[in-house]
Structure formats: structure tokens, C-alpha cells
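All chains are named by letter (A, B, ...) in the order of the sequence lines, taking the proteins before the strands, and each is independently numbered beginning at 1.
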Number of protein chains: 2
Amino acid sequence: MTDLITVYSREADGEQRSAGQLVSLNKGFVIYHECDPANHWYEVVSGTVRTCRFMGDGHRQLTGFFYCNDVFGVDHGHYRESAEAVTGVVLRRFAAAPSSQAESTTEARGRILERALESARQCIFLFGHRTAANRVAAFLISIVDRSGGRSGVRIPMTRSDIADHLNLTLHTVSRTISEFAKRRLIVLDGPQNIRILDLEQLRLLAGDGGGDGDEHARESA
Amino acid sequence: MTDLITVYSREADGEQRSAGQLVSLNKGFVIYHECDPANHWYEVVSGTVRTCRFMGDGHRQLTGFFYCNDVFGVDHGHYRESAEAVTGVVLRRFAAAPSSQAESTTEARGRILERALESARQCIFLFGHRTAANRVAAFLISIVDRSGGRSGVRIPMTRSDIADHLNLTLHTVSRTISEFAKRRLIVLDGPQNIRILDLEQLRLLAGDGGGDGDEHARESA
DNA sequence: CGACAGGTTGAGTGAGCTCAAGTCGGGTGG
DNA sequence: CCACCCGACTTGAGCTCACTCAACCTGTCG
């Protein structure tokens, strides 16, 4: 219903193809389905995208969230997961496997694949955490890090999306975030807006030793 | 102690570099550590390798198992995880980022990265499963599939390794496997040797609808 | 204003973790 | 050869954390 595509074609003859095609999509739009032929890969210009697959028992697994400058849809042959717009998004679309102009693109493809691999690793990393608090903390930190480290952060996806990404229920996610707020690690300004109060403690919970500071992570229940 | 390296150098002048260097390592040998400069990537000739990282609270996350023909260590700059020999292994070692002979390797690198990405996706896929039974079943199937589909399969890694890969405890892994044996889905011939009796049921538990046959996966508790 | 999607919170249950024995097999030394 | 050890595995008992079920709240949209 609300799905709508607006294409700003920049492919007017002289225009360089490598710039990609700008595509604007409404919230909820399905960019591609699992098993579709992987004819394009995408770079996020603005907004948030989620990639997901459906398990045999019907439950959804979100394999990644993609923000500005992230790439997704880098698959060979056919897509291994579907992709949907979490918010309204603007994407840059590129043709995959450009067998015709294989020149400059071949080495560029390496960098694209590396970025995709990095995204996959980020997802794996989240799953390494044991408890709900650990996972949610790690997730929040991953968002903060991508937001340039500002303490006030917008969470574009729903609790349900987060839950399906961390392999928890939306109840547990909600409870855990509320718990963080109760402990004054964060402040909620509506469900989607979070202000980080104690990043240090949050990093301890996540237990990644991410970059700066103390490595003497010792949990105090 | 038992760590020992035997190198069969095939780099005698005329030999093509692309063949790599054969390396033989004993069980338990640490191939590289997290944060080491990523100077080589590897292909498994025989045996099994695990890649792992250590979380802030000290617990271990195994990010992948690698068997014959699998590649690992495909990182940019520095390794994101360490790699260890699960069994005695023979590896083919390749120099990373061959800035000198960038010609044939550039497009080959794309294929290598794709394989690495596939491995990462396999790991993510395992984590998508909710219960211990689901995860262990999916794990067993992944081994069976790589073993050419023979019903008798050797499990080279310990219960502890499996647990750290599936984010479970070794107790739960052991209990779940015993449960499978009790239900006659599998037969154990020692802890490391498993014979699959009911692959169909196992696939239902894993809930992936993997490849052949019925897609009407509907769980019956 | 009602409908609805998203979110929060409570109560009870159960799967998986913790703690604790106990078993099995392969090595090593007397 | 047997005693012993040690690492890997198994199994039981109890507890806890996260899931299930359920109710309610809040904001948005028609």
C-alpha cells in the first residue's frame, strides 16, 4: 500500500554507471526476497535497512541492520536473505557481476565483499554474548558507535526487530531496556530515542573491551 | 609441546606461487592469534580448524569450523579472530594482499572472499535456531552435508567446542545428543562417531528445509 | 472517536545453566 | 601388566533467566 518507488535515474547516457542509481523507498518496502536472482547490490544513502530470513518454524531471523554508507545484498547468484526498509530509505543501487565492464569493478568488488564480511562478523559478534543484558548492551553500543559516539541516539527499528536480531523475544528486549533505564545506564525519551548515561558500564555489560579504556572487565551482579 | 611445524616448500623457483605453501600442524596448534597482522590466508587440505575469539567475560566464542577445501584467515589488516588446529591438519598457506602480483590474484580474491562470506553466513544461520535441539540438529546436519551425505560421520571436535560454537554449555550439548540417540535419530559409536538414522526428522528439528525434498516443515512437539 | 500497531509490565512455566558426581578410554610410570 | 591420572564425556538435582500468556498503556491514523 504505502510501498512506493521513486527512481532518480542518473543513467542518462553520459553519466558514469559506477555512481549507481538512486532509489527512494518507503518504510516496510521489500527490496528483494530470499532466492531472488542477485542482480544488484546496494549502498544505504539514508535511512535503515534490515536483512532477514525465515526459519523452518516460521520465526524470523534478522541478519543485519544497515545504515548510511553500509552495503548489503552482496550475494553471488541469488540472495541468501531478504531485505526490507526499516524506515524510509534512499539507496544507491549497483548492478552485480558486471561481466561487461570487468575492469575497475573487479578490485572494487573486493572492497565491497570485505564490507559485507565485516557486517556478517558484526552479527556473529552479537550472538557471542550469553545473557539478554549482554546482547542488548552490545547492540546498543553498536548503534552508538555507528552514530558517531553522540550520547543521544535514535533507535529506528522496533523492539520486535531487535528481538529477532538478538534471538530474544520482544518482551525480554523491552524488559532489559527498561532495566537499563531503571539502573540509570540510559534514559528513554520515547521508545525510539535513547540517551546514554553510563557508556562505560554498558561496555562492561557488553564485554567486548571495545577500543578505549579498561580491559579489567569483571562483572558485578 | 606437541606443537610442530613441517613445511613442504613448493616455492622452488619455477613452481607457481599460487599453489601456496603446504603446512602440517599438530592438534591444538595456534595458527594465528586475534590482532596478529593478517599476512596469510589458508586453505584446509586435511583435518579440522576452528576460529575463535574471547569475549570480555573470558568465555570463548567459536566463529567457525573449517574442513577440507574450506578457507579461513581471510582478513584485512589484522585477524579478527584466532585460529587453532582441532585435529592434526595440513594447510595450504597463501600470502595476503599480494600488492606485487596484483593481476590474477585480484579476481581470485573475490572468490576467496565469497567463500569466507559463505562461512560467516553458515555461522549466523546456526545462531538463528531457538532451542538447543534445533541448534545441535542444525550443526549435525551441517557436518553431514559436508561429509558427502554419508550416514556415518566423524565429529572431530569436542563437546566443549560445539558448545562454544552454538552458545550452549557442553552439558546441554551432551544431553541433547544423548536425547537424539535415545529417540533413535542417531546412533553413537563413541563420542566422536555418529551414525544418522533419521535424517528427515533431524532436518525438521533444524528447520532449514535444506535442499532436497519436502518444504512442509511443520514441527510436531 | 475507535481501531490498531508498538510498547510495557506482571505472573507463571520451562529450557538451559550451575554445581556435583560418576564413567570411560588412553596415556604414563612403577 | 596393572595402578594411576587426566581429559573428555555423561548424567543427575536444583535454580535462574528468558519465554509464554496475558493485561494494559500510549500514540497515530482514519
Rounded to the nearest Å, what distance is computed from the [atom1] atom of residue [X] to the [atom2] atom of nucleotide [N]?
{"X": "A:Leu170", "N": "C:dG7", "atom1": "CG", "atom2": "C1'", "result": "8 Å"}
{"X": "A:Leu168", "N": "C:dA15", "atom1": "CG", "atom2": "P", "result": "18 Å"}
{"X": "A:Met157", "N": "C:dG7", "atom1": "CE", "atom2": "P", "result": "11 Å"}
{"X": "A:Asn167", "N": "C:dA15", "atom1": "CG", "atom2": "P", "result": "16 Å"}
{"X": "A:Leu188", "N": "C:dG6", "atom1": "CG", "atom2": "P", "result": "18 Å"}
{"X": "A:Ile155", "N": "C:dG7", "atom1": "CD1", "atom2": "C1'", "result": "14 Å"}
{"X": "A:Asn193", "N": "C:dG6", "atom1": "CG", "atom2": "P", "result": "17 Å"}

Got a donor-acceptor pair under 3.5 Å from the side chain of B:His171 to the base of C:dT18? no

Look at the aromatic rings of B:Tyr79 and B:Tyr32 and report parallel, tilted or perpendicular, splitting at 30° and 60°. parallel

Is the ring pair B:Tyr42/B:His40 parallel, tilted or perpendicular, if the boundaries are 30 and 60 degrees? tilted

Are A:Gln192 and C:dG6 close enough that a side-chain N or O sits under 4.0 Å from OP1 or OP2? no

Among A:Asp161, A:Asp164, A:Thr87, which residue meets the side chain to side chain donor-acceptor pair (under 3.5 Å) test with A:Arg50? A:Asp161

Can a side-chain donor-acceptor contact be found between A:Arg93 and A:Gln21 if the only test is distance below 3.5 angstrom? yes

Do A:Glu81 and B:Arg121 have side chains that approach each other closer than 4.5 Å (heavy atoms only, starting at C-beta)? yes

Over all strands shown, is A:Asp161 touching base, sugar-phosphate only, or nothing at heavy-atom distances under 4.0 angstrom? nothing

Hey, where on DNA chain D does chain B first and last touch, going 5' to 3'? Cut-off is any atom under 4.0 Å from a heavy atom. D:dC9 to D:dA13

Within a radius of less than 6.0 Å around CZ of B:Arg154, do more than 12 heavy atoms belonging to other residues, nucleotides or ligands occur? yes

